[in-house]
Amino acid sequence: MADDTRSAPRDAAGTRETPRAFRDGLGGRDVDALWIEAQRERGAPVSQRAWQRLKRNRPAWFAWCFLCVVGIASLLAPLLPLPSPKTMRLTDRRPVPVWPWLDKSKTEFQADYWELNPVDAALVQVRTKLYGKFQTGPWLGTDARGRDLLARIVWGSRKSLFTAIAAAAISLGIGVTWGAWAALKGGRTDRWMMRFVDVLYSLPFVFLVITALALVDAPRANLGEELVDRELVFFVVLGAVFWLTMARVIRGQVLALKSSDFVLASRAMGASTGWILRRHVLPNVFGTAIVYLTLTLPSVMLAEAFLSYLGLGVQAPEVSFGLLLADGVDAINAIHVEWWLFAFPATAMASVLLALFVLGDGLRDAFDVRAKERTAP
Amino acid sequence: MSLLDVKNLRVRYDGPRGPVWAVDQLSFELSAGELVALVGESGSGKSTTALALLGLVPISGGTIETGELWYEGRNLLTLSEGEWAKVRASEIALVFQDAASALNPYLTIGLQISEVLETHRGLSRRDARKEAARALGDVGLPDPEAKLANYPHELSGGQRQRALLAMALVAKPRVIVADEPTSALDPALGLHVLELLERERKTRGAGVVLVSHDLELVAAHADRTYVLYAGRVVEHASARELFAAPWHPYTAALWRARARLDGERPRRLAAVPGNPVDLANLPAGCAFHPRCELARERCRSERPELSGVLRSDARMSLSAARRAACFEKESLALERPLESEP
Amino acid sequence: MIGFLRRRAVGLVLTVWIVVTCAFAMMRIVPGGPFSEERKLPAAVLANVEARYHLDWPLWRQYLQYVGPLNLDEHGLFGDRERVFGGVLAGDLGPSFRYRDYTVNQILAESLPLSLALGSLALAWAVVLGGAIGVAAAACRGTKLDLALRLGAALGIALPNFVVAGLLVLVFALTLGWSPIAGSTSFAHFVLPSLALGAPVAAYVARLVRSGLVEALQADWVRTAVAKGLPYRTVVLRHGLRAGLLPTVSYLGPASAGVLTGSLVIERIFALPGAGSHFVASALSRDYTLALGVTIVYSVLIYSLNSLVDFVYTRLDPRIALEEL
């Protein structure tokens with residue numbers, strides 16, 4: 001192995017010493033040690049045990065706390081004393097980030113948003129009552145049109161998270177239904193349903209997604225906005241792309257459960273189907289679904305960014321991570337470099353995605369879900 | 001002169017709830033041509049001991065705290081990893097329990113056996129393959145030449161276990177450590193594996209350490225037996241003596257709990273009563289006392305040493321080397337009739 | 001072997017058929033055509049143009065015409081009428097609506113080689129860089145270096161490739177001036193795009209290689225290999241590496257798909273005239289035939305690469321028989 005040049009002394013006979021890190025991790029665990037480990041966790045229910053294990057996994061626990069903070073902040077974005085992410089200041093534009101304590105400019109808040117839903121509109125009302133005309137300064141700088149970057153990032157995270165959760169929930173719904181149905185029906189139904197999934201796996205989905213979204217966008221003039229709800233198409237299209245893995249994993253899980261000893265045993269003892277479903281199938285599938293939901297979220301957010309960059313995702317004047325990043329990449333060119341437009345949104349999105357990955361991995365370990373991500377068709 | 005001499009072996013595992021000693025103050029010896037059995041439940045430390053004999057404790061996540069492992073005038077525990085590599089398989093070989101996971105699924109049986117010879121005997125690839133075919137034939141596999149080209153999943157469970165055995169025996173080691181070599185096999189095949197081990201020790205004078213929980217097997221084949229509980233030897237005797245009249249209540253419980261293949265069926269599948277020992281939470285005094293029907297006040301506070309009994313009774317004259325770690329061994333030894341005595 | 005090829009050929013035809021049908025249906029269900037949004041054409045001219053491309057035919061006829069099971073065209077849009085098969089079945093993807101003087105085949109012949117070169121280069125980077133990082137991280141498991149490498153790999157997965165592209169441009173083109181910014185005239189022009197395109201894949205490969213190696217080295221059979229007294233090199237190279245790399249091999253199928261689709265954005269950023277940028281442009285401008293053509297070609301590519309990867313996998317893992325795939 002070419003890479004293992006570090007600390008590899010040779011002994012007298014010339015045989016190579018095992019580098020310590022490799023040696024420590026070489027070979028299976030001792031049966032006795034595994035037995036000792038198993039002893040510690042007997043008794044507690046699956047989800048409780050998973051929660052305990054997640055708490056012990058420090059990176060995953062940290063990621064969970066971070067995501068909770070981000071989630072609450074973005075949920076309450078209209079309540080925060082931020083400028084409106086839409087208000088442009090073309091005349092007195094102060095593009096460069098300003099330290100909060102050096103910020104002398106006192107601009108006044110204008111409730112100038114895109115068409116908000118009733119709840120958000122009410123929240124903005126509350127915000128106006130709470131802080132009046134007060135708003136924070138351009139702590140993270142402003143974009144090319146003088147819009148406050150911090151406000152845009154907070155509102156953007158809101159949009160991106162909401163999109164991701166909506167699309168992931170759709171994929172969860174389709175995936176769990178499809179996979180569980182195939183597994184429970186079995187036989188020919190199962191075979192055909194899974195063959196269908198295999199075929200879909202080899203489709204270049206991004207192309208179809210782009211085609212679909214381009215179609216919804218292009219004929220605005222003759223179509224009229226009310227005919228197709230663009231947002232809904234966006235969620236459904238994204239959700240429809242990401243349900244395949246979920247369906248496969250859930251099917252495998254349900255199949256394994258169906259023939260597992262404890263289900264057979266409770267059936268033999270006369271347990272009803274409903275009881276088995278409640279007691280054995282659902283708790284086990286629940287873990288898998290949570291794990292894959294967490295792992296689907298980053299993929300959806302990446303897809304949103306990808307599509308927004310192409311102008312097919314979230315539409316201005318609303319903001320999302322994808323739109324912010326697209327602006328950021330455009331702000332880096334040979335003429336001038338406005339680094340903050342690139343650096344802050346990229347950091348924000350990367351940290352959220354990173355936290356989701358770490359949490360997903362942690363949950364996978366905690367629920368001990370070992371499923372092949374891709375099985376040979 | 002013993003072939004292998006283990007002294008005061010102590011193995012620690014560091015778990016999330018603090019350190020655990022899987023093997024504690026374990027001593028035993030093995031002579032050439034002898035078959036010694038290590039017996040106990042799961043978690044008694046018998047598998048850890050088997051790994052320790054091959055220097056495999058560090059890669060399994062444990063640490064050897066103290067102990068000596070004398071073989072041919074060398075304490076093997078002081079060897080470097082490179083020196084250990086020369087001992088493994090050529091001097092001391094290990095037969096793993098589960099052939100399905102112990103054989104590499106991506107390599108042919110032939111390669112996996114012949115690489116032992118290429119490494120330790122310096123044979124060419126062709127000679128090594130010839131030797132490997134011979135070794136496969138020796139363990140009773142039909143058509144060994146063809147089996148060389150097979151992958152493990154293409155063999156049956158019994159064939160795999162025998163291939164694993166052939167792999168361990170091919171370099172003619174002087175000590176063979178067999179970790180539950182028969183537990184995955186049906187009784188007939190298990191017997192066959194034991195016969196192969198017997199042959200090794202009779203024809204070549206190899207010493208065999210048999211790790212097992214199968215008492216019938218141990219009673220039938222072992223010369224001497226060490227009973228392990230919570231990482232310690234609780235009783236040591238010749239196999240015949242041991243099961244004829246156990247001195248330790250744990251041995252007695254194990255013997256009662258065995259699934260009998262002969263004689264009448266037990267009313268229900270018996271087990272040693274109580275929960276298996278939790279090593280992270282060892283009770284004070286004798287580790288077995290929570291499960292022991294003879295436990296006294298003294299057992300809860302003081303740990304009994306491994307020792308013999310006063311030879312006050314003629315029936316115990318056989319037992320010069322016999323040891324047990326129990327305060328009640330005298331009464332146990334006296335109250336049980338020695339069935340096998342003439 | 002022959003059975004495998006036959007099954008895959010059937011699968012390929014099925015896939016392409018589904019792609020064609022879905023994409024065709026999506027494009028034609030929504031009202032408005034490629035010419036409806038352009039500067040207002042007089043009604044007569046519009047009718048003329050639509051008649052030229054048979055947009056005035058009923059949908060089913062246009063579909064049959066495009067797929068080409070029967071050559072319905074009397075006037076030679078898809079070829080002469082002696083041929084029974086035309087359209088996609090005959091490898092003819094039709095004329096482009098946007099680039100009036102070109103057929104889709106011509107456009108693809110010009111742009112696809114560039115995309116493929118970019119993709120292969122990106123995949124090569126990804127495998128080499130990702131593999132090296134993964135092996136290094138596995139070898140130094142538990143150290144600070146391992147943590148740093150894993151964090152870097154996680155960032156690579158967490159950032160969209162166009163952000164990586166922006167970062168690379170900022171550092172290597174604008175600040176250091178080592179690389180040209182955009183264009184496609186020399187090899188140097190391809191370095192940054194391919195790096196950006198390969199970055200997420202490299203990060204994923206690194207993760208897979210690391211976890212694969214770590215897991216493989218913990219397998220029972222690796223302990224057996226150590227117990228056989230084999231030298232450390234043999235233990236790792238012969239007994240650990242193969243099992244450790246299998247997950248990476250099976251990821252190469254999705255990886256190539258990721259590279260091919262990722263190039264849609266990368267080609268746009270670096271102004272590379274590849275098939276990906278054509279696709280985006282054509283989808284936006286409703287150039288039906290070009291968008292469909294690119295989709296079909298990419299489907300075939302992705303499906304074939306997946307099949308190739310499956311085939312290689314069976315060579316590496318003796319437990320999986322080719323007959324089962």
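Below, each value reflects all heavy atoms present in this structure, side chains not excepted, and no hydrogens, waters or symmetry copies. Residue numbers start from 1 in every chain, and the chains themselves are labelled A, B, ... in the order their sequence lines are given, proteins ahead of strands.
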For B:F96, is it the side chain, the backbone, both, or neither that has a heavy atom closer than 4.5 Å to a heavy atom of chain C?
side chain
Using a cut-off of under 4.5 Å for heavy-atom pairs, which of B:L164, B:L56, B:L94 has the most such pairs with chain C?
B:L56
Against chain B, label C:L246 side chain, backbone, both or neither, depending on which of its atoms sit under 4.5 Å from a heavy atom there.
side chain
Please look at B:A102 and chain C and tell me whether the side chain, the backbone, both or neither of the residue comes under 4.5 angstrom of a heavy atom of that chain.
both
Answer whether the closest heavy-atom distance between the side chains of B:N104 and C:R242 falls below 4.5 Å.
no
By a 4.5 Å heavy-atom criterion (distance strictly below it), what part of B:L54 contacts chain C: side chain, backbone, both, or neither?
side chain
Between the side chains of C:R238 and B:E115, is the shortest nitrogen-to-carboxylate-oxygen separation below 4.0 Å, so that they form an ion pair?
yes
Salt bridge check, B:R134 against B:E131: does any charged N sit closer than 4.0 Å to a carboxylate O?
yes
Any idea how C:W221 and B:Y106 line up, ring-wise: parallel (<30°), tilted (30 to 60°), or perpendicular (>60°)?
perpendicular
Under 4.5 Å to a heavy atom of chain C? For B:Q112 that would be both
If you measure from the Lys or Arg side-chain nitrogens to the Asp or Glu carboxylate oxygens, is any gap between B:R121 and B:D127 under 4.0 Å?
no
